[in-house]
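What follows is one structure encoded as structure tokens, with my remarks underneath.
Remember, it's 1-based here, ligands and their atoms both numbered in the order they're listed. Quick caveat, the model's predicted, so the values are computed rather than measured.
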Amino acid sequence: MKMGTALIYDEEMTKYKLLWVDPACKIEVPERLTVSHEALVQSGLADRCVSIPVREATDADILLVHSEEYLEAVKKTPYMTLEDLKEFTLQYGDVYFHPNIYHCAKLAAGAALQLVDSVMTGKVRNGMALVRPPGHHSMRSAASGFCVFNNVAIAARYAKQKYGVKRVLIVDWDIHHGQGVQYSFEDDPSVLYFSWHRYEHQKFWPQLRESDFDSVGKNKGVGFNINVPWNKVGMQNSDYLSIFCHLLLPVAYEFNPDLVLVCAGFDSAIGDPEGEMCATPDIFAHLTHLLMNLAGGKLCAVLEGGYNLTSLAQSVCQTVQTLLGDPAPPPANLDGPCKSALDSLHCVRSAHRQYWSCLKHAADLPTCEISTKRIKVAEEEEEEEKTLDKGEEGNSIEEKVWPEPPKRVTPTIRTAVVLPDGVTCPDGCKRFSSSEDLDPLIISKLKENFLKDADDSDTLSSLSSLAALVEKVEKNEICSGLALVRDVSMATMCVVQHAASAHLRNRVLVVCVGDGKVPSHVTEDGKILVVQFSNKDSEEQKCKYYIPVCLKKGYSDVSGFMHAVLGLLLPLAYEYDPTLVLLVRMSDAGLCEIVWQQLTGLLQGLAQGHMLVLMQDGEKECVGPTASSLLGYPAPSLGQLPAPLPEDVASIESLRHRLKADWKLLQTTAQETGRGDEL
Ligand code: Q6P
Ligand code: ZN
């Protein structure tokens, strides 16, 4: 399978700038590219990427999205005088022209196409293009918001045309609405456009009615345009993750794209003067990671906005390092979404529930009347008018400070395996069978606790290898591990007890798939969180830290299982913030291989990728696929998912409702109190 990450950059795209005074445009500076690129070079990330040259997009490429008249008009700009350029600029909003911008705009679009070519031909798995000018605001016949040609929209059409790609997902995490992308694909069901954006009830640029949640696409494309309006500033990591878990990911898996394009703007990060949001740069590692198992890993990120040079450079590095396959850092301060974010989430889910079967159940929620939302707008507008004369000028944005993301160190051993003799070690993994440096005290404890008869030397050596592996993972000498064991339940108990023992200070997330005895000594102190998927009627949930998920049809219903993984397990896991994930495949699991791989892949975003997988020794055929996921290879696509079984959805939803008081990231509406609305 093809790995590798493309990086596309050319200094030429720094060679234009604003030539006159315009407060709206002064933030769009050449340094945006130089600092981003320099940060990638300094951190050694650039060296790890496959460097691909840019090219100029051809007229034919540009005409995939833009009109001939517009292209011809832009073509004249290199020959214009300063006065003519200013004049030309005036017909558009928040954009500027320069004699060299046409050249750069061709390179920016061409860079996106080079990236698509590299990914689609299998030269690399994924990649990022650092470009100027950005693209997502530009329309068929108009420049807008620093954008000349719509790089990502052109790339999507190009991928369809040249490679026969059937479905393209465009994720626009820039803090502005890419209205140009929306207009391009509004009635096209083959391109799913998702955008979140600062909106403030239409008061924020570009102040369009059609940026709201109720613009869902038109004609055949109805349901394929998803807008998440942020009606307050100060959104944080929890708000972004909530939208991913409860909206974007379920829909994306149902859509089943062949290619994922990201409008990768970083003005949605803390410190940005435009976005005024508070999500930290490390969140982009998670957003990226969560998209990397779609479309067989084919992901192309193309730079859009980002105007705080520090925040921008850090966010770009987080994104590229994740594309390279390094485990994500632990996500900072996930204390649940704020009320305004939950309102937005609820509205978008309501608006889309008729188009996506993964959202159908959203109908069961007490519905916030969509129409009341707009009344609220009017009310708030009135209120704010009253406070307006108190002077916007004096309202200077205080400088935000945040810690620099720590360097992400990946252990030299990515995945270690503990396998019985005779089972071959998968490529890229390291066989691990060391108990020599394990404290003899621990060994005697293992014997005492798990092997009363103490003459099963195979089991003892396998258990002590596991215990030793836990310690290496804890020390970040090994990232992840996989073990085939005789008795999965016993091995689970053993690992949990060892990992949660005082000297290791772990928080262990145990995810069990299948019936079987799981750690019974679940603690109230939160050192262990157990989530068990089974098809047995669940015993009542014992406490906050033991969560049985019962799927009536077992795992034969892939949709139901994914529903539980995306909307229940992931938010729980993120909020719990484990230091170790123990993934257990009980002997009766019978979960199909690619779903298992998706699960393994998704969970690696937690605990810096520190994950141990335990499987029954009879499941040898599962070793290869599991190892592949642990090594960071993308899981195969699940295909287009049918609607999940209503009874499964019902039980998952009722569980989610019961748990949401304890786990804030499980909320999907603002009925419950979200994070303080003091912002
Ligand atoms: C925002 C223009 C400036 C108002 C000044 C792909 C990137 C972008 C462009 C934003 C233009 N308004 N307070 O474009 O979305 O970041
Ligand atoms: Zn932007």
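- Below 30°, between 30° and 60°, or above 60°: for F88 and F97 the angle between ring planes is above 60°, a perpendicular geometry.
- Residue contact check: D94 has heavy atoms under 4.0 Å from atoms 2 (C), 3 (C), 4 (C), 12 (N) of ligand 1.
- Below 30°, between 30° and 60°, or above 60°: for H197 and H177 the angle between ring planes is between 30° and 60°, a tilted geometry.
- Near the Zn ion (ligand 2), less than 2.8 Å away, sit the protein N, O or S atoms D174 OD1, D174 OD2, H176 ND1, D267 OD2.
- Within ligand 1, counting atoms from 1 as listed, the ones closer than 4.0 Å to a heavy atom of E304 are 6 (C).
- Counting only N and O atoms by type, the side chains of S190 and K166 include no donor and acceptor under 3.5 Å apart.
- Using the six-membered ring where Trp is involved, F149 and H66 have ring planes that are tilted, between 30° and 60° apart.
- Using a distance-only test at 3.5 Å, with no hydrogens or angles considered, a donor-acceptor pair links the side chain of S238 to the main chain of D335.
- Between the side chain of N256 and the backbone N or O of Y253 there is no donor-acceptor pair closer than 3.5 Å.
- The heavy atom nearest to atom 14 (O) of ligand 1, considering only E274, H136, E28, is found in H136.
- Remark: D117 engages K162 in a salt bridge, criterion side-chain N to carboxylate O under 4.0 Å.
- Here is the list of ligand 1 atoms found below 4.0 Å of a heavy atom in C147: 6 (C), 14 (O).
- Counting non-hydrogen atoms of neighbouring residues, nucleotides and ligands closer than 6.0 angstrom, the CD atom of E11 reaches no more than 12 such neighbours.
- Under the rule for a salt bridge (Lys or Arg N to Asp or Glu O under 4.0 Å), K76 has no partner lying at least two apart in sequence or in another chain.
- Residue-ligand proximity: A24 is placed with a non-hydrogen atom under 4.0 Å from ligand 1.
- Atoms of ligand 1 lying under 4.0 Å from at least one heavy atom of Y307, given by number and element, are 7 (C), 8 (C), 9 (C), 10 (C), 16 (O).
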